[in-house]
Amino acid sequence: MTPEPVKNQYEMRDPLSQYPRPPFPRQPQPAPGLASAMDPTPDHGEDSYVGFGRLKGRRALITGADSGIGRAVAIAFAREGADVALNYLQVEDSDAEEVVKLIEAAGRKAVVIPGDLKDEAFCRALVQQAVDGLGGLDILVNNAGKQTAVEALADLSTEQFDATMKTNVYALFWVTKAALPHLPPGASIINTTSIQASEPSKNLVDYAMTKAAIANFTGSLAKQVAEKGIRVNAVAPGPYWTALQPSGGQPQESVTKFGEQVPLGRPGQPAEIAPLYVLLASQEGSYMTGNVYASTGGSLY
Ligand code: NAD
Ligand code: MG
């Protein structure tokens with residue numbers, strides 16, 4: 001049964017039936033994958049996120065903003081009044097174009113900066129272009145990520161290990177380091193970690209390590225920059241219905257039953273996690289720093 005579309009995120013609903021439940025069709029796509037190729041279509045809040053000016057006039061850089069969680073955060077931020085710089089990989093241009101249209105429809109500015117975060121020089125250029133394009137920077141969302149499931153350690157190549165570390169950990173360091181000098185008091189950094197940081201799956205050795213590193217980095221950096229009035233937090237998603245999963249993040253047998261294992265029995269939709277990022281970015285979160293906030297469908301982070 002197809003659930004009724006969500007018309008506004010404040011409408012009271014039964015979370016069990018609010019969104020599609022497994023089984024899902026097999027749907028392999030090459031990494032990084034496109035949201036537009038997913039079945040069922042993910043909900044990023046396109047038709048449901050209602051903003052209230054909670055980020056009025058703020059300037060945000062979001063990595064991995066073309067699809068999935070990053071797209072939902074970009075839509076929410078724009079509808080809360082923020083201008084948004086989007087980073088993603090060039091091959092994801094078609095997904096990113098949809099996000100740009102939605103940001104502009106919300107009356108906000110979108111600055112597109114595609115490029116590969118595995119390159120340190122690009123990470124520095126990304127921050128500079130975001131600052132130039134937005135006229136400053138108040139919010140940094142480090143959200144891009146690489147996840148490729150491998151059953152046995154013997155089959156985990158050095159190339160993959162290196163690419164996962166570069167994308168998920170080095171880029172976080174490079175982008176954050178470049179952004180810090182631009183961030184004023186009141187600014188917020190939000191990193192995307194995972195339930196994998198505390199409950200690593202046997203086929204996600206390299207990925208789960210990076211997510212633990214991201215949670216840990218969040219703690220040390222928050223202490224370091226507290227005196228500047230900058231807050232640093234992480235969001236830990238459980239299973240979310242995004243292109244990351246069918247494009248190699250999970251074997252296809254697991255894609256068909258994705259989310260089945262959590263108490264709510266279904267994957268989260270990106271629209272369901274964007275409000276956490278909004279809270280952490282906004283002044284409502286003024287006493288929130290150095291922590292990890294989870295949205296997992298019921299598994300304890
Ligand atoms: P997604 O595929 O929609 O988004 C990930 C994005 O990362 C891609 O769109 C891509 O633009 C970007 N990216 C990957 N490699 C890159 C590179 N080298 N350079 C620049 N950009 C690159 O999937 P998502 O699930 O929305 O992922 C967002 C974050 O959420 C990731 O950090 C992921 O680890 C995390 N996460 C996802 C889940 C889940 O179940 N979907 C669970 C826990 C954590
Ligand atoms: Mg994408």
Side-chain angles (χ1 to χ4, degrees), residues 29-38 42-44 61-74 86-99 112-120 122-123 126 141-149 160 162-172 174-175 190-201 204 206-215 234-250 254-255 258-259 261-262 266-274 276-277 292 294-297 299 301:
Q29 20 170 348
L34 289 176
S36 60
M38 292 186 73
D43 182 2
H44 309 92
L61 168 59
I62 306 172
T63 65
D66 57 305
S67 58
I69 293 168
R71 178 194 290 209
V73 173
L86 305 90
N87 165 252
Y88 53 91
L89 288 162
Q90 195 91 58
V91 293
E92 300 170 300
D93 263 334
S94 62
D95 268 0
E97 277 166 24
E98 294 181 21
V99 187
V112 291
I113 316 170
D116 190 339
L117 294 168
K118 297 198 296 299
D119 175 355
E120 180 175 6
F122 172 71
C123 289
L126 166 66
V141 179
N142 288 305
N143 168 74
K146 172 178 168 57
Q147 174 184 328
T148 311
Q160 175 175 326
D162 192 51
T164 307
M165 293 293 152
K166 286 267 163 50
T167 309
N168 299 6
V169 180
Y170 279 67
L172 172 84
W174 291 328
V175 171
I190 308 166
N191 304 318
T192 304
T193 176
S194 169
I195 182 82
Q196 291 292 325
S198 62
E199 284 292 329
S201 296
L204 294 177
D206 53 333
Y207 174 81
M209 286 172 71
T210 66
K211 292 293 160 177
I214 292 167
V235 172
Y240 267 82
W241 188 244
T242 72
L244 191 73
Q245 305 298 353
S247 67
Q250 302 287 338
S254 305
V255 169
F258 193 61
Q261 75 283 10
V262 303
R266 64 164 177 88
Q269 294 293 327
E272 298 182 276
I273 202 163
L276 258 181
Y277 289 80
V292 178
S295 172
T296 63
S299 308
Y301 171 79

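Each ligand, and each atom within it, is numbered from 1 in the order the structure gives. In what follows, every heavy atom counts, from backbone to side chain, and hydrogens, waters and symmetry copies are set aside.
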Within-4.5 Å side-chain heavy-atom neighbours: [X] and [Y]:
X: Leu126; Y: Leu117; value: yes
X: Lys118; Y: Lys146; value: no
X: Thr210; Y: Tyr170; value: no
X: Ile62; Y: Leu86; value: no
X: Tyr88; Y: Asp95; value: no
X: Ser254; Y: Gln245; value: no
X: Gln160; Y: Tyr207; value: no
X: Pro270; Y: Arg71; value: no

N or O contact, [X] vs ligand 1, cut-off under 3.5 Å:
X: Asn143; result: yes
X: Tyr88; result: no
X: Ile69; result: yes
X: Lys211; result: yes
X: Gly70; result: no

Q. Hey, is there an N, O or S on Glu92 sitting under 2.8 Å from the Mg ion (ligand 2)?
A. yes

Q. Is Thr242 close enough that one of its N/O/S atoms sits under 2.8 Å from the Mg ion (ligand 2)?
A. no

Given [options], which one has a non-hydrogen atom that is nearest to [atom]?
atom: atom 22 (C) of ligand 1; options: Gly68, Ala144, Gly64, Ser67; value: Ala144
atom: atom 39 (C) of ligand 1; options: Gln147, Gln250, Gln245, Lys118; value: Gln245
atom: atom 35 (C) of ligand 1; options: Leu89, Thr192, Val175; value: Thr192
atom: atom 5 (C) of ligand 1; options: Ser247, Gly145, Ala65; value: Gly145
atom: atom 15 (N) of ligand 1; options: Val235, Thr167, Ile62; value: Thr167

For [Y], is there any backbone N or O sitting under 3.5 Å from a side-chain donor or acceptor partner on [X]?
X: Asn143; Y: Gly64; answer: yes
X: Ser201; Y: Leu204; answer: no
X: Asn87; Y: Gly115; answer: yes
X: Glu92; Y: Asp66; answer: no

For [X], counting its heavy atoms only, list the atoms of ligand 1 lying under 4.0 Å from any of them.
X: Gly238; value: 38 (C), 39 (C), 40 (O), 42 (C), 43 (C)
X: Leu244; value: 2 (O), 23 (O), 25 (O), 33 (C), 34 (O), 37 (C)
X: Tyr207; value: 33 (C), 34 (O), 35 (C), 36 (N), 43 (C), 44 (C)
X: Gly115; value: 19 (N), 20 (C)

Does the residue [X] have a heavy-atom contact with ligand 1, meaning some pair of atoms that are separated by less than 4.0 Å?
X: Pro267; value: no
X: Ala72; value: no
X: Thr193; value: yes
X: Asn87; value: yes

Location of contacts on [X] toward ligand 1, heavy atoms closer than 4.0 Å:
X: Leu117; answer: both
X: Pro239; answer: backbone
X: Asp116; answer: both
X: Lys166; answer: neither

Q) So which of the N, O or S atoms of Asp66 lies nearest the Mg ion (ligand 2)? A) OD2

Q.
Check this for me: Tyr301, atom OH, are more than 12 non-hydrogen atoms of other residues, nucleotides or ligands nearer than 6.0 Å?
A. yes

Q. Is it true that the side chains of Tyr240 and Ser295 contain a donor and an acceptor less than 3.5 Å apart?
A. yes

Q: Establish, from distance only, whether the side-chain atoms of Thr192 and Tyr277 form a donor-acceptor pair under 3.5 Å.
A: yes

Q | Distance from atom 24 (P) of ligand 1 to nearest protein heavy atom, with residue and atom | A | Thr242 OG1, 3.4 Å

Q. How far is atom 8 (C) of ligand 1 from its nearest protein heavy atom, and which residue and atom name does that atom have?
A. Glu92 OE2, 3.2 Å

**Q.** Interatomic spacing from CD1 in Ile214 to CG in Asn142 - rounded to 0.5 Å
**A.** 8.0 Å

